[in-house]
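Have a look at the structure below, then the notes.
We count residues from 1, following the sequence as given.
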Amino acid sequence: MKPWTLVVLPVLALAGCTVNLPSDAPAAPMSVIEARQTIHGLADPKGNYFIKVDGVSARQGRNPRPVLSHDAVHFGNVDIPFRDIGAMSVYYEQAGSMQDMSIRLTTPGHPHTVAISQQGNMPHVDERRLASALLVLKQGAEKYSSAQTAFEQAAASYLAAEPKPPLPESVRRYQIQAEEAVRNQQFLRAAETYAAALDEVPAWPQGHFNFALVLESLDDYELAIEEMQRYLALVPDASNARAAQDMIYRWQTRLPDSAGY
């Protein structure tokens, strides 16, 4: 398997560097939530961007962003599976007042190039962090199927159980810590805490509901939709089921049409 290779070419006096990460090596310490935030951060919401994928305009306007499913990153109509990414190169170029950052993702048979242009200064991109984020998501894609199966099995047991099982003390601890993080507006920490709790007890309806709201605060609408759908799968007759479904509809409007939601 090819190593993960990140190259920043010297353009207009920008210093060049090379970072090599074997594709089977442990990623830098980073949760899946943080990795998703890193990829979403490629489009800075403070600027007007123009995005091209393989030379074709993907989207134009304020805050364009990649869409993340569990197995791929989607730029416009181009789908790039995480499992196929073997190497990545990052290039910077200046043309008048515009600065271009091009990300080349090498996949079998076709190297995709994602170019992001902005008027003014580009946000700094930490190449090692970007590679680690992709590696975390690539590893996460390999585990998602088993995690989904675990949820479905837990959901079936939960729906059949009467009375419903009590919440373990360990998950109660996660809940209190997540709520404290939300009060302090530490939304990433809160999201990671809810994710850890739901790994332990997948059939926790309120956990999925709260997790979805925290993900909304992080602008991760893809995961927010999934978590709210899991909440409704566990408690389809909840008193707030109508409001929960309406939140899903609202979040769907915040994704590009090509996201498929």
Side-chain angles (χ1 to χ4, degrees), residues 29-37 67-72 82-83 136-255 259-261:
M30 181 183 298
S31 68
V32 170
I33 305 297
E34 190 175 0
R36 293 174 65 89
Q37 288 290 292
V67 174
L68 292 169
S69 62
H70 288 286
D71 58 355
F82 291 125
R83 68 176 182 272
V136 165
L137 294 176
K138 182 174 183 176
Q139 294 170 342
E142 298 168 355
K143 301 173 183 176
Y144 177 70
S145 179
S146 60
Q148 177 63 16
T149 299
F151 169 75
E152 292 171 355
Q153 292 173 343
S157 297
Y158 179 86
L159 290 168
E162 289 296 343
K164 301 305 181 190
L167 197 65
E169 188 63 24
S170 58
V171 175
R172 172 70 178 174
R173 174 173 58 86
Y174 281 129
Q175 179 182 16
I176 298 301
Q177 292 174 346
E179 291 172 352
E180 182 66 15
V182 170
R183 276 192 288 272
N184 293 324
Q185 297 188 334
Q186 298 173 323
F187 298 117
L188 178 59
R189 176 176 293 182
E192 292 172 336
T193 304
Y194 278 122
L198 290 165
D199 280 344
E200 187 170 327
V201 180
W204 176 27
Q206 193 61 43
H208 288 288
F209 183 88
N210 293 347
F211 190 16
L213 296 184
V214 171
L215 290 164
E216 178 189 24
S217 298
L218 292 172
D219 296 334
D220 194 337
Y221 302 113
E222 302 97 321
L223 273 191
I225 290 169
E226 178 178 298
E227 289 303 316
M228 195 60 78
Q229 288 172 334
R230 288 184 170 184
Y231 169 71
L232 291 173
L234 292 168
V235 284
D237 297 325
S239 60
N240 63 348
R242 175 73 276 163
Q245 184 60 57
D246 288 348
M247 279 188 275
I248 292 174
Y249 293 149
R250 186 171 66 250
W251 293 335
Q252 288 172 340
T253 68
R254 301 180 187 180
L255 296 174
Y261 286 88

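- With contacts defined as side-chain heavy-atom distances shorter than 4.5 Å, the pair P205/Y158 qualifies.
- In K143, the NZ atom is not crowded: 12 or fewer heavy atoms of neighbouring residues, nucleotides or ligands sit closer than 6.0 Å.
- Nearest heavy atom pair, residue V201 against residue P168, reads CG2-CG, 3.8 Å.
- Looking at L198 and E227, their side chains come closer than 4.5 Å, going by heavy atoms from C-beta outward.
- Looking at heavy atoms from C-beta onward, M228 lies in side-chain contact with W251 at the 4.5 angstrom threshold.
- Between R36 and L218 there is no side-chain heavy-atom pair separated by less than 4.5 Å.
- Residues satisfying the side chain to side chain contact (heavy atoms under 4.5 Å, CB included) test with N184, not counting sequence neighbours, are E180, Q186.
- Put simply, the side chain of E34 does not reach to within 4.5 Å of the side chain of R189, judged on heavy atoms.
- With sequence neighbours left out, the ring-ring contact (aromatic ring centres under 6.0 Å, His included) criterion links F209 to Y231.
- Atom CZ of R172 has 12 or fewer neighbouring heavy atoms from other residues, nucleotides or ligands inside a 6.0 Å radius.
- Side-chain contact check for F82 versus L68: some heavy-atom pair is nearer than 4.5 Å.
- Taking OG1 from T193 and CD1 from I176, the interatomic distance works out to 12.0 Å, rounded to the nearest 0.5 Å.
- When only modelled atom types and interatomic distance are considered, E222 and S69 share no side-chain donor-acceptor pair under 3.5 Å.
- Salt bridge annotation for R250-D246: absent, with no cationic side-chain nitrogen under 4.0 angstrom from a carboxylate oxygen.
- Closest approach of E226 and Y144 over heavy atoms only: OE1-OH, 3.4 Å.
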